[in-house]
Amino acid sequence: MNALAATSRNFRHAARLLGLDSKVEKSLLIPFREIKVECTIPKDDGTLVSYVGFRVQHDNARGPMKGGIRYHPEVDPDEVNALAQLMTWKSAVADIPYGGAKGGIGCNPGDLSKTELERLTRVFTQKIHDLIGVHTDVPAPDMGTNAQTMAWILDEYSKFHGHSPAVVTGKPIDLGGSLGREAATGRGVVFATEALLAEHGKSIKDLTFAIQGFGNVGSWAAKLVHERGGKVIAVSDVTGAVKNPNGIDIPELLRHKETTGSLKDFQGAESMDANELLIHKCDVLIPCALGGVLNRENAADVKAKFIIEAANHPTDPEADEILAKKGVVVLPDIYANSGGVTVSYFEWVQNIQGFMWDEQQVNNTLQNYMTRAFHNIKSMCQTHDCNLRMGAFTLGMKSPIHYYRNVFIGSCSGLEILPISTYQNQMLPLLQLLILTLEICCDLQLEI
Ligand SMILES: NC(=O)C1=CN([C@@H]2O[C@H](COP(=O)(O)OP(=O)(O)OC[C@H]3O[C@@H](n4cnc5c(N)ncnc54)[C@H](O)[C@@H]3O)[C@@H](O)[C@H]2O)C=CC1
Ligand SMILES: O=C(O)CCC(=O)C(=O)O
């Protein structure tokens with residue numbers, strides 16, 4: 001199932017649990033703004049090459065829109081749209097004052113030299129610089145991008161708007177990046193895993209782990225699981241996969257990857273079929289790469305008891321149903337990988353304050369945020385008698401909905417969420433005004 005269809009399906013399910021009116025539901029699904037730009041650059045040999053760049057700004061009810069920029073050949077408008085929507089709910093789950101956005105360029109960064117990547121990033125920034133900003137939309141790294149990419153965006157943006165370190169997060173420490181941001185998503189994944197396992201009377205040190213993806217998120221998650229005594233028995237990336245039933249020496253694998261650029265030929269493990277990783281026998285599966293990897297083709301064969309969604313939307317809704325029937329517990333992306341955006345928030349705060357936190361403060365505060373969000377999700381699960389994904393979605397949707405209710409309908413329900421039909425009789429004229437306003441602002445075609 002396509003990423004947007006999958007995300008929208010989860011959203012609609014949560015909207016039903018919240019008793020949301022269908023028109024408000026529709027307005028929350030439609031992004032605030034979608035940007036599509038052509039980026040042509042000269043390659044190192046002088047030939048021209050064109051790429052398409054996207055930035056989707058989904059919602060700014062809770063604050064500046066926030067989300068990563070992905071460089072990957074499969075980047076397409078629907079996927080960016082879905083990822084932007086997920087960022088809105090994720091920021092609210094983490095309870096940080098942001099809305100959601102996501103960007104990307106359809107390119108294979110592995111095929112481009114460093115100078116070509118720099119040119120591409122600078123051209124993309126030239127095309128979108130008026131639409132991002134410290135208090136409007138703050139990009140960060142995602143798949144295929146990193147601190148260096150953020151440095152180029154910051155430098156290019158600053159040529160137009162003056163020095164503005166808080167316009168991107170996940171940048172190099174020397175340029176105002178936060179200590180702990182590089183590890184933050186993987187560290188958050190591990191805090192989230194600990195919170196979930198504690199609920200089930202289990203601990204990382206007693207369990208086996210399979211990890212798909214060994215980039216920023218996967219390698220940090222693997223390293224921190226390994227440090228806590230967990231046995232990482234299988235790891236894959238785009239170059240291949242390795243397994244060792246006795247546990248892989250992760251620091252050694254990291255050194256191997258660093259020197260060879262690949263997982264291949266690692267002496268401390270056997271090579272395996274990368275497609276087999278997701279169905280490898282283990283206690284905990286952590287997908288840290290692409291979306292949609294768990295689907296109706298392979299879900300029935302998954303052997304893990306817990307899935308921690310470090311990647312964005314790795315599980316499509318059909319797989320979710322199959323996994324639920326098998327009793328597999330899925331910790332959803334909008335919580336499990338929220339450590340990245342949470343520390344991005346800490347970075348932004350530090351830039352605005354002009355004050356740098358030490359790494360311990362970053363990590364401790366991240367742990368507090370992750371623990372708090374887990375308990376808030378569990379509480380939504382109880383209220384709505386639902387699984388963790390729906391607990392996270394209802395939590396993430398609750399506060400943007402409050403915003404719209406308060407802004408458009410006034411102080412209608414205090415902090416309680418009620419279906420909009422509750423107000424319809426007394427407030428029909430106001431409701432019509434709301435819809436008209438939304439139509440004008442967002443160019444919607446809503447029927448009253
Ligand atoms: N970087 C961040 O702070 C955050 C990232 N995420 C999500 O985590 C996931 C990974 O992101 P990063 O680690 O930042 O990206 P990255 O670009 O650093 O690493 C991606 C990894 O996935 C691997 N990969 C690609 N295709 C694969 C395939 N077919 N099979 C196995 N492995 C494959 C690559 O080889 C690489 O190891 C993405 O879904 C991203 O959206 C989520 C929250 C924050
Ligand atoms: O750090 C951020 O601002 C966004 C990270 C991101 O793109 C994500 O959580 O998917």
Side-chain angles (χ1 to χ4, degrees), residues 1 3 5-14 17 82-83 85-86 89-90 93-94 185-186 188-202 204 207-213 217-218 221 225 230 234 277-339 370 373-382 384-397:
M1 189 182 292
T7 305
S8 303
R9 183 159 142 177
N10 286 327
F11 169 85
R12 287 203 179 89
H13 185 178
L17 292 175
L83 292 168
Q85 192 196 129
L86 287 175
W89 319 135
K90 189 185 300 183
V93 165
T185 309
V189 164
V190 171
F191 288 147
T193 306
E194 286 177 325
L196 177 70
L197 292 178
E199 272 253 310
H200 291 260
K202 295 184 187 299
I204 286 181
L207 301 176
T208 56
F209 291 76
I211 300 185
Q212 183 193 45
V217 180
V225 163
L277 185 125
L278 295 166
I279 57 169
H280 194 64
K281 190 168 180 336
C282 62
D283 298 309
V284 185
L285 171 65
I286 316 189
C288 304
L290 296 168
V293 293
L294 292 164
N295 46 52
R296 66 174 170 199
E297 309 297 328
N298 59 7
D301 298 323
V302 166
K303 294 172 194 72
K305 298 173 197 73
F306 299 94
I307 296 176
I308 314 295
E309 295 189 334
N312 282 307
H313 79 88
T315 314
D316 80 19
E318 290 162 330
D320 247 348
E321 282 170 20
I322 299 168
L323 293 166
K325 284 194 189 119
K326 282 164 61 85
V328 180
V329 179
V330 180
L331 196 61
D333 49 5
I334 57 172
Y335 166 62
N337 69 33
S338 65
M370 295 301 300
F374 184 74
H375 293 301
N376 290 341
I377 291 169
K378 290 297 294 180
S379 145
M380 292 306 272
C381 291
Q382 273 176 354
H384 296 291
D385 188 22
C386 61
N387 66 15
L388 288 163
R389 189 181 310 284
M390 282 306 113
F393 263 80
T394 49
L395 178 64
M397 287 159 59

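Computation of the quantities below employed the complete heavy-atom set of this structure, encompassing side-chain atoms and omitting hydrogens, waters and symmetry-equivalent molecules.
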> What residues, two or more places apart in sequence or in another chain, satisfy side-chain contact (heavy atoms from CB on, under 4.5 Å) together with Ala324?
none
> With heavy-atom distances below 4.5 Å as the criterion, would you say the side chains of Asn387 and Val330 are in contact?
no
> Would you compute the distance between atom NE2 of His280 and atom CG of Leu285 and round it to the nearest 0.5 angstrom?
10.5 Å
> Of the non-hydrogen atoms in Gly391 and Cys381, which two are nearest, and what is the gap between them?
CA-SG, 3.8 Å
> According to side-chain hydrogen bond (donor to acceptor under 3.5 Å, both in side chains), does anything in residues 324-335 pair up with another residue at least two apart or in another chain? List the pairs.
none
> Search all heavy atoms of Leu278 against all heavy atoms of Val302 and return the closest pair with its distance.
O-CG2, 3.8 Å
> Drop me the distance from Leu207's CG to Leu197's CG, to the nearest 0.5 angstrom.
5.5 Å
> With Ser8, which residues qualify under side-chain hydrogen bond (donor to acceptor under 3.5 Å, both in side chains), at least two apart?
none
> Under 4.5 Å between any side-chain heavy atoms of Phe11 and Trp89, yes or no?
yes
> When you measure from the side chain of Thr394 to the backbone N and O of Ala14, does any donor-acceptor pair fall under 3.5 Å?
no
> Output every pair passing ring pair (Phe, Tyr, Trp, His ring centres under 6.0 Å) with a member in residues 294-331, not counting sequence neighbours, ordered by first then second residue.
His200-Phe306
> Can you list everything that forms a side-chain contact (heavy atoms from CB on, under 4.5 Å) with Ala6? Sequence neighbours excluded, please.
Met1, Pro317
> Per the salt bridge (Lys or Arg N to Asp or Glu O under 4.0 Å) rule, what does the pair list look like for residues 190-200, sequence neighbours excluded?
Glu194-Arg228, Glu199-Lys378
> Please report the shortest heavy-atom distance between Lys90 and Asn337, naming the atom on each side.
NZ-OD1, 2.7 Å
> In Å, rounded to the nearest 0.5 Å, how long is the span from CE of Met397 to CE of Met380?
9.5 Å
> What residues form a side-chain hydrogen bond (donor to acceptor under 3.5 Å, both in side chains) with Asp320, not counting sequence neighbours?
Arg389
> Who passes side-chain contact (heavy atoms from CB on, under 4.5 Å) against Ala336, sequence neighbours left out?
Ile308, Leu331
> For Ala392 versus Ile377, what's the shortest heavy-atom pair and its separation?
N-CG2, 3.7 Å
> Please confirm whether the backbone N or O of Val293 pairs with a side-chain atom of Asn298, one donor and one acceptor, at under 3.5 Å?
yes
> Can you list the residues that meet the side-chain contact (heavy atoms from CB on, under 4.5 Å) rule with Ala82, with sequence neighbours excluded?
Ala3, Leu4, Thr7
> Is there a side-chain contact between Val190 and Val225 in this structure, where contact means two heavy atoms from C-beta onward sitting under 4.5 Å apart?
yes
> Which distance, rounded to the nearest 0.5 Å, do you find between the CZ of Phe209 and the OG1 of Thr193?
6.5 Å
> Residues two or more places apart in sequence or in another chain: which of them pass side-chain hydrogen bond (donor to acceptor under 3.5 Å, both in side chains) with His384?
none
> Using modelled atom types and a 3.5 Å cut-off, is there a donor and acceptor pairing between side-chain atoms of Asn295 and backbone atoms of Ala319?
no
> Tell me every residue that passes side-chain hydrogen bond (donor to acceptor under 3.5 Å, both in side chains) with Arg9, counting only those two or more places apart in sequence or in another chain.
Glu321
> I'd like to check the salt bridge (charged side-chain N to carboxylate O under 4.0 Å, His left out) partners of Lys303; sequence neighbours left out, ordered by chain and number.
none
> Calculate, to the nearest 0.5 Å, the distance between atoms CG and CG belonging to Asp301 and Leu294 respectively.
11.0 Å
> What distance do Leu17 atom CG and Asp385 atom CG have between them, rounded to the nearest 0.5 Å?
9.0 Å
> Which atoms form the tightest heavy-atom contact between Val93 and Ala373, and what is the distance?
O-CB, 3.6 Å
